[in-house]
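Throughout, numbering of the chain's residues begins at 1 and tracks the sequence. None of the values given here were measured: they were computed from a predicted structure.
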Amino acid sequence: MRILLVHNRYKQYGGEDAVVEAERALLANNGHLVELLIFDNDRLSGLFSKIGIGLQLIYNRKSYRKLENKIKEFKPEIIHIHNIFYMASPSVLYAASKYRIPTVVSLHNYRLICSGALLMRDSKPCTLCIQEKFPIYGVKYSCHRNSKLETAQLTFVTGIHKLINTWNLKVSRYIALTEFARSQFIDSSLGILPEKIVVKPSSVTDCGFSSVRERENYFLFVGRLSEEKGVNVLLKTFQDRKIRLEIIGDGLLRSQVTSASAAHNNIHYWGYKDKPFIISRIKKCIALIVPSIWYEGLPITILEAYSTGTPVIVSDLENLNEIVTHGYNGIHFSANDPADLLRCIEEFDLNSRYYADLYSNARETYLSKFTPEINHQNLLNLYLPLLNNGSTLQT
């Protein structure tokens, strides 16, 4: 099968980029002809608010031609798009439609129904905008980059394409990462037919099981150091405690993490590290902590933890509590509540061997849901009907 992957990189490397690279390798290793077309947001620096850039966000002719040229050169049977914001723009959907190539779009976040992409405001989940064609709340609260102007531009982009039905007519299938995410998109103003949105989780390579007897006495956080990831909750929980916390990652809250590490001997900040180092620390920790205060997508770090047989302590928010089953492969705590997180951690720390089943169950979760082999079969189950039945697009 000839598969063209399309991805618009953000300025900071993140989970979406990792998924694109992993699925590219997965498809290629299984004998498919795969090419990756990359768009980049570097040109947006200092220009995002200008009218010319604003118009390109709605429909970028250069991006249309870039994809069109790649279609003529590579002749893909399937186009799989992971992100179109910002420079790719919805114009790439029209290029694919022109040549009647079945097009799959992965929904890694909630950008199409929330200008902030996170369904979060004031450190709490927020769904005010999901059923509005042109949601004014996002503009009112400056949900995108803390800017009313930039939020208005983005809202106009998604709103215009809702009105002309781009999101329904120009995409063959959407991939939601969880059932919760699928329900949010179905119950929204996008107008996407429910049968066009399927649930397909990502996968990670097998990192190898590490039993409870091989663990060291620390908990671990891995990820972007940002508000929505619950970093502030994490730091409040561990300051002035005897229980050890290790943090790996980088982001806007780096200075706060560095300060906490300097002030509290039980908090150790490793900085940004490569994947082998991250896996080595996951395999040794008592549990991975995911204290996010937004609904998340499907964090790769959780899948890597499951691969190593590492239980996960997560905020009891919808979506996360679908990914982690309380008492089976992890523990839930009340979101944005340092006291409840501390309660869970202290209980786990004192009784980690009592929770031995969580380690084997985490591993079983990986083997039953998140292996590359399962992901490849899921992709085939998605792609092949589109090839066999022809494009469902209207031009």
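- Between His32 and His376, the two ring planes are tilted [angle within 30° to 60°].
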For residues 132-143, which side-chain donor-acceptor pairs fall under 3.5 Å, sequence neighbours excluded?
unit_1: Lys133; atom_1: NZ; unit_2: Ser189; atom_2: O; d: 3.3
unit_1: Ser142; atom_1: OG; unit_2: Lys148; atom_2: NZ; d: 3.4

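- Note that CG of Leu386 and OG of Ser172 are 5.5 Å apart. Values are rounded to the nearest 0.5 Å.
- With contacts defined as side-chain heavy-atom distances shorter than 4.5 Å, the pair Asp316/Ser334 does not qualify.
- Using modelled atom types, one finds a donor on one side chain and an acceptor on the other under 3.5 Å when comparing Thr166 with Tyr94.
- Not one N or O on the side chain of Arg241 forms a donor-acceptor pair closer than 3.5 Å with the backbone of Asn266.
- Judged by distance alone, with hydrogens and angles left aside, the side-chain atoms of Asn329 form no donor-acceptor pair with the main-chain N or O of Asn361 at under 3.5 Å.
- The closest side-chain donor-acceptor pair between Tyr86 and Gln56, if any, does not fall under 3.5 angstrom.
- No donor-acceptor distance shorter than 3.5 angstrom exists from the side chain of Ser89 to the backbone of Ile58, with no hydrogens or angles considered.
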Next on the checklist: ring pair (Phe, Tyr, Trp, His ring centres under 6.0 Å), that's the test. Do Phe348 and Tyr355 meet it? Break it down for me.
Outcome noted: CA-CA 8 Å; Phe348 212 115; Tyr355 289 115; 4.8 Å; yes

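- The closest side-chain heavy-atom distance from Trp294 to Asn319 is not below 4.5 Å.
- Partners of Lys70 under the side-chain contact (heavy atoms from CB on, under 4.5 Å) rule, at least two apart in sequence or in another chain, are Leu4, Glu35, Leu37, Glu73, Phe74.
- Hydrophobic clustering of Ile, Leu, Val, Met, Phe, Trp and Tyr side chains at less than 4.5 Å, counting indirect connections, unites Ile38 with Val104.
- Although no hydrogens or angles enter the test, the distance criterion places a donor-acceptor pair under 3.5 Å between the side chain of Ser259 and the main chain of Ser255.
- Taking 4.5 Å as the limit, every side-chain heavy atom of Leu225 sits out of range of all side-chain heavy atoms of Gln256.
- Hydrophobic clustering places Val157 together with Ile130 (ILVMFWY residues linked when any side-chain heavy atoms are closer than 4.5 Å, directly or through intermediates).
- In terms of heavy atoms, Trp167 sits closest to Pro90 at CH2-CG, 3.8 Å.
- Ser307 contributes atom OG, which lies 13.5 Å from atom CD1 of Ile302 (distance to the nearest 0.5 angstrom).
- Using a 4.5 Å heavy-atom threshold, the side chains of Ser202 and Phe370 count as separate.
- Counting non-hydrogen atoms of other residues, nucleotides and ligands closer than 6.0 Å to CG of Leu380 gives a total above 12.
- A donor-acceptor pair is defined here as one N or O able to donate and one able to accept, closer than 3.5 Å; such a pair exists between the side chain of Thr103 and the backbone of Ile101.
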Item to check | Residue pair Ile192, Ile186: steps toward the side-chain contact (heavy atoms from CB on, under 4.5 Å) verdict | outcome: CA-CA 7 Å; Ile192 300 172; Ile186 289 175; over 6 Å; no

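- In this structure the side chain of Ile160 never reaches within 4.5 angstrom of the side chain of Tyr59, judged on heavy atoms.
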Item to check | side-chain contact (heavy atoms from CB on, under 4.5 Å) between Leu303 and Ile300, intermediate numbers included | outcome: CA-CA 5 Å; Leu303 307 192; Ile300 292 298; 4.3 Å; yes

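- The closest donor-acceptor contact from the side chain of Tyr269 to the backbone of Gly249 lies under 3.5 Å.
- Side-chain atoms of Met87 and Asn8, non-hydrogen and from C-beta on, do get closer than 4.5 Å to each other.
- Side chain of Tyr366 to main chain of Val204: a donor-acceptor pair is present (N/O by atom type, distance under 3.5 Å, no hydrogens or angles).
- Listed by chain and residue number, Asn109, Arg111 satisfy the side-chain contact (heavy atoms from CB on, under 4.5 Å) test with Ala117 (two or more places apart in sequence, or in another chain).
- Panel note: side chain Ser315, backbone Ser292; a donor-acceptor pair is recorded below 3.5 Å.
- For the residue pair Asn375 and Lys200, a side-chain donor N or O sits within less than 3.5 Å of a side-chain acceptor on the partner.
- Here the closest non-hydrogen pair linking Gly330 and Val324 is CA-CG1, 3.7 Å.
- Atom CG of Asn69 sits about 10.5 Å away from atom OH of Tyr64, to the nearest 0.5 Å.
- For Pro338, the side-chain contact (heavy atoms from CB on, under 4.5 Å) test picks out Val233, Lys236, Thr237, with sequence neighbours left out.
- For residues 171-193, the ring pair (Phe, Tyr, Trp, His ring centres under 6.0 Å) pairs, not counting sequence neighbours, are Tyr110-Phe185, Phe180-Tyr295.
- Residues in residues 270-283 take part in these salt bridge (charged side-chain N to carboxylate O under 4.0 Å, His left out) pairs, two or more places apart or across chains: Glu216-Arg281, Glu246-Arg281, Lys275-Glu304.
- If you chain together hydrophobic residues whose side chains sit under 4.5 Å apart, Leu367 and Ile282 fall into the same group.
- Val199 and Leu107 fall into different hydrophobic clusters, where Ile, Leu, Val, Met, Phe, Trp and Tyr are joined by side-chain heavy atoms under 4.5 Å apart, directly or via other members.
- Among residues two or more places apart in sequence or in another chain, the side-chain contact (heavy atoms from CB on, under 4.5 Å) test is passed with Cys285 by Arg215, Tyr218, Leu220, Thr310.
- The aromatic rings of Phe219 and Phe238 sit tilted, their planes meeting at an angle between 30° and 60°.
- In this structure, Ser106 contributes its side chain and His82 its backbone to no donor-acceptor pair below 3.5 Å.
- Inspection of the Ser115 and His144 side chains reveals no N or O donor paired with an N or O acceptor under 3.5 Å.
- Taking the salt bridge (Lys or Arg N to Asp or Glu O under 4.0 Å) definition, one finds that Asp206 meets it with Arg363, sequence neighbours left out.
- The side-chain heavy atoms of Leu235 and His264, taken from C-beta on, include no pair separated by under 4.5 Å.
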Identify each donor-acceptor pair in which a side-chain atom of residues 118-128 lies under 3.5 Å from a protein atom, sequence neighbours left out, and give them as a table.
unit_1: Ser123; atom_1: OG; unit_2: Glu227; atom_2: OE2; d: 2.4

Item to check | Stepwise side-chain contact (heavy atoms from CB on, under 4.5 Å) check, Phe221 with Val231 | outcome: CA-CA 9 Å; Phe221 171 88; Val231 171; 4.0 Å; yes

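- Evaluation of the ring pair (Phe, Tyr, Trp, His ring centres under 6.0 Å) test over residues 304-333, restricted to residues two or more places apart or in two chains, returns His326-His332.
- With sequence neighbours excluded, the residues forming a side-chain hydrogen bond (donor to acceptor under 3.5 Å, both in side chains) with Asp187 are Gln131, listed by chain and number.
- In terms of hydrophobic clustering, with Ile, Leu, Val, Met, Phe, Trp and Tyr side chains grouped at heavy-atom distances under 4.5 Å, Phe156 and Ile113 are assigned to a common cluster.
- Of the possible donor and acceptor atoms, one in the side chain of Lys75 sits under 3.5 Å from a partner among the backbone N and O of Lys72.
- Interatomic distance, CD1 of Ile81 versus NE2 of His7, reported as 12.0 Å (0.5 Å rounding).
- Annotation: side chain of Pro299 is in contact with side chain of Ile323 (closest heavy-atom distance under 4.5 Å).
- No more than 12 heavy atoms of other residues, nucleotides or ligands lie within 6.0 Å of CZ in Arg61, so this atom counts as exposed by the packing criterion.
- The existence of a salt bridge linking Glu16 and Arg9 is excluded, since no basic side-chain nitrogen approaches an acidic carboxylate oxygen closer than 4.0 Å.
- In terms of the salt bridge (Lys or Arg N to Asp or Glu O under 4.0 Å) criterion, residue partners of Arg254 (sequence neighbours excluded) are, by chain and number, Asp250.
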